[in-house]
2 protein chains.
Amino acid sequence: MSPVLPLPVTLADRASCAATDILRRVGEKWSVLILALLADRPYGFNELDRTVHGLSRRILTRTLRTLESDGLISRRPTPERVEYALTDLGRSLLPLVIAIGEWAVEHAPDIEAARALSQSESL
Amino acid sequence: MSPVLPLPVTLADRASCAATDILRRVGEKWSVLILALLADRPYGFNELDRTVHGLSRRILTRTLRTLESDGLISRRPTPERVEYALTDLGRSLLPLVIAIGEWAVEHAPDIEAARALSQSESL
DNA sequence: CTGTATCCTAGCGGATACTG
DNA sequence: CAGTATCCGCTAGGATACAG
């Protein structure tokens with residue numbers, strides 16, 4: 001009935017395709033964390049490097065570039081450092097992402113249970 | 001998956017870690033679309049295969065397995081077919097994902113502009 | 001301080017063919 | 001009808017070293 005990917009018809013279809021696009025970008029391993037940090041205040045490059053443990057400089061650079069090219073964060077070089085900050089666009093997206101995070105925290109037991117169940121079934 | 005980050009402290013931190021976890025699963029290429037379809041009614045395997053063009057059987061199977069093991073959809077074999085349906089958990093998540101999709105549709109021009117800009121800058 | 005350059009691994013996404 | 005089995009390319013993620 002509903003013709004899918006090429007021609008999304010319903011709002012849910014169109015929204016779901018657009019959603020996947022964003023989810024895949026924001027779903028990159030460190031994107032959300034960086035967005036959450038920048039929500040408080042701007043950060044310098046090395047500041048981010050020091051703050052986020054386990055994140056290599058290479059990946060940090062790439063993640064920042066991606067977020068910047070999507071217009072979610074801004075990059076402003078100053079004499080002392082390069083400052084990254086949330087844009088208005090990024091700031092408007094953040095609540096939605098945080099909402100998913102809160103959903104995940106709230107339903108963690110259900111998800112855990114489901115995974116444990118499917119785990120035990122596969123044995 | 002990875003044993004996540006360093007001790008998340010604030011609610012935003014905790015939510016952002018949990019968010020990444022979910023985003024990465026739901027961000028799989030066909031997950032949202034399948035969830036959106038099942039939001040209407042249950043579907044059989046081949047019905048999904050026929051409805052979603054461009055999706056191979058192998059990927060469909062894997063996607064369904066993942067969604068099922070996360071408790072977002074249910075799998076019920078009947079004499080005629082195997083029926084996949086949204087669970088309550090999945091149904092509770094869907095609005096949040098759709099919200100992101102709507103955000104994406106609404107801000108598509110901004111994102112486009114940002115990408116075009118960064119594209120032209122790199123030349 | 002702010003990155004690049006190289007090299008490597010694991011996993012997603014897909015094409016194609018086969019199975020009970 | 002509902003999947004598996006094989007094989008393959010691409011890219012995210014990371015370790016390490018070097019550079020302006």
Side-chain angles (χ1 to χ4, degrees), chain A residues 4-6 16-17 20-35 37-38 42-70 73-85 115 118 121-122, chain B residues 1-6 16-17 19-34 37-38 42-70 73-85 118 121-122:
Chain A
V4 190
L5 262 188
S16 75
C17 293
T20 299
D21 202 53
I22 294 297
L23 288 170
R24 295 173 72 78
R25 288 162 185 279
V26 178
E28 277 178 22
K29 189 164 182 181
W30 306 96
S31 297
V32 179
L33 188 54
I34 289 175
L35 290 178
L37 286 174
L38 297 186
Y43 275 74
F45 182 90
N46 266 275
E47 203 180 3
L48 285 171
D49 193 30
R50 264 179 281 107
T51 306
V52 185
H53 304 293
L55 170 55
S56 75
R57 250 190 234 89
R58 199 182 91 79
I59 303 301
L60 175 56
T61 302
R62 201 188 54 193
T63 305
L64 291 173
R65 291 272 185 278
T66 302
L67 292 175
E68 189 200 355
S69 76
D70 284 344
I73 68 174
S74 64
R75 177 181 183 278
R76 194 170 63 94
T78 75
E80 318 93 49
R81 66 177 193 172
V82 177
E83 205 166 86
Y84 290 93
R115 286 186 198 159
S118 78
E121 271 169 359
S122 68
Chain B
M1 211 159 284
S2 59
V4 189
L5 321 180
S16 76
C17 293
T20 298
D21 203 53
I22 294 295
L23 287 169
R24 295 173 72 76
R25 289 161 185 279
V26 178
E28 277 178 22
K29 190 164 181 180
W30 305 96
S31 297
V32 179
L33 188 54
I34 290 176
L37 286 175
L38 297 186
Y43 274 74
F45 182 90
N46 267 275
E47 201 180 3
L48 285 171
D49 192 29
R50 263 178 284 109
T51 306
V52 186
H53 304 294
L55 170 55
S56 74
R57 250 191 232 86
R58 199 183 92 78
I59 303 301
L60 176 56
T61 302
R62 202 187 53 193
T63 305
L64 290 173
R65 292 269 186 279
T66 303
L67 292 175
E68 188 199 356
S69 76
D70 284 345
I73 67 174
S74 64
R75 177 183 184 278
R76 194 171 61 94
T78 75
E80 321 92 49
R81 65 177 193 174
V82 177
E83 206 166 85
Y84 290 93
S118 78
E121 271 168 359
S122 68

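Below, chains carry the letters A, B, ... as their sequence lines are ordered, and counting in each starts from 1. What you see is a predicted model, and the numbers here were worked out from it, not measured in a lab.
Overall, the helix from dC1(C)-dG20(D) to dG20(C)-dC1(D) carries an axis bend of 50° between its ends, with five pairs at each end and the value rounded to 10°.
When side chains are defined from C-beta on, Thr20(A) does not count as touching Leu33(B), because their heavy atoms never get closer than 4.5 Å.
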Extract from the structure each pairing of a protein N or O with an N or O of nucleotides 6-12 of chain D at less than 3.5 Å, listing the distance.
none

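Residues passing the salt bridge (Lys or Arg N to Asp or Glu O under 4.0 Å) test with Arg50(B), sequence neighbours excluded: none. Residues forming a salt bridge (Lys or Arg N to Asp or Glu O under 4.0 Å) with Arg115(A) (at least two apart in sequence, or on another chain): Asp21(B), Asp70(B). Applying the salt bridge (Lys or Arg N to Asp or Glu O under 4.0 Å) criterion to Arg57(A), with sequence neighbours excluded, gives Asp49(A).
Here dG3(D) presents its P atom at 4 Å from CZ of Arg75(B), a figure rounded to the nearest Å. In this structure, CG of Asp49(B) is placed 10 Å from C1' of dG3(D), rounded to the nearest angstrom. In this entry the distance linking OH of Tyr43(B) with C1' of dA2(D) reads 18 Å, nearest Å. Summarising the geometry, the separation between CD1 on Ile59(B) and P on dA5(D) is reported as 15 Å, rounded to the nearest angstrom. At whole-Å resolution of the value, CD in Glu68(B) and P in dA2(D) are 14 Å apart. In this structure, Arg65(B) atom CZ and dA2(D) atom P are separated by 12 Å, rounded to whole Å. Rounded to an integer number of Å, the gap from CG of Leu60(A) to P of dG13(D) is 13 Å. Put simply, CZ on Arg76(B) is 16 Å from C1' on dA2(D), counting in whole angstrom units.
Here the shortest heavy-atom pairing between Ser31(A) and Arg25(A) reads OG-O, 3.4 Å. For the residue pair Lys29(A) and Arg24(B), the shortest heavy atom distance occurs at N-NH1, 3.1 Å. Counting all heavy atoms, side chain and backbone alike, Leu55(B) lies closest to Leu60(B) at CD1-N, 3.7 Å. Among all heavy-atom pairs drawn from His53(B) and Trp30(B), the shortest one is O-CH2, 4.0 Å.
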Report task. Would you please test Glu28(B) and Arg62(B) for salt bridge (Lys or Arg N to Asp or Glu O under 4.0 Å) and show each step? Result -> CA-CA 10 Å; Glu28(B) 277 178 22; Arg62(B) 202 187 53 193; 5.3 Å; no
| Verdict with supporting geometry, Phe45(B) and Leu64(B), side-chain contact (heavy atoms from CB on, under 4.5 Å) | CA-CA 9 Å; Phe45(B) 182 90; Leu64(B) 290 173; 3.9 Å; yes
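Here the options are Thr63(A), Thr66(A), Leu38(A), the test is side-chain contact (heavy atoms from CB on, under 4.5 Å), and the partner is Ile73(A); only Leu38(A) passes.
Nucleotides of DNA chain C that come within less than 4.0 Å of any heavy atom of chain A span, from the 5' end to the 3' end, dC1(C) to dG13(C).
Among the atoms of the strands shown, base atoms are found under 4.0 Å from some heavy atom of Arg57(B).
For the pair Gly27(B) and Glu80(A), nearest-nucleotide mapping onto DNA chain C gives the more 5' position to Glu80(A).
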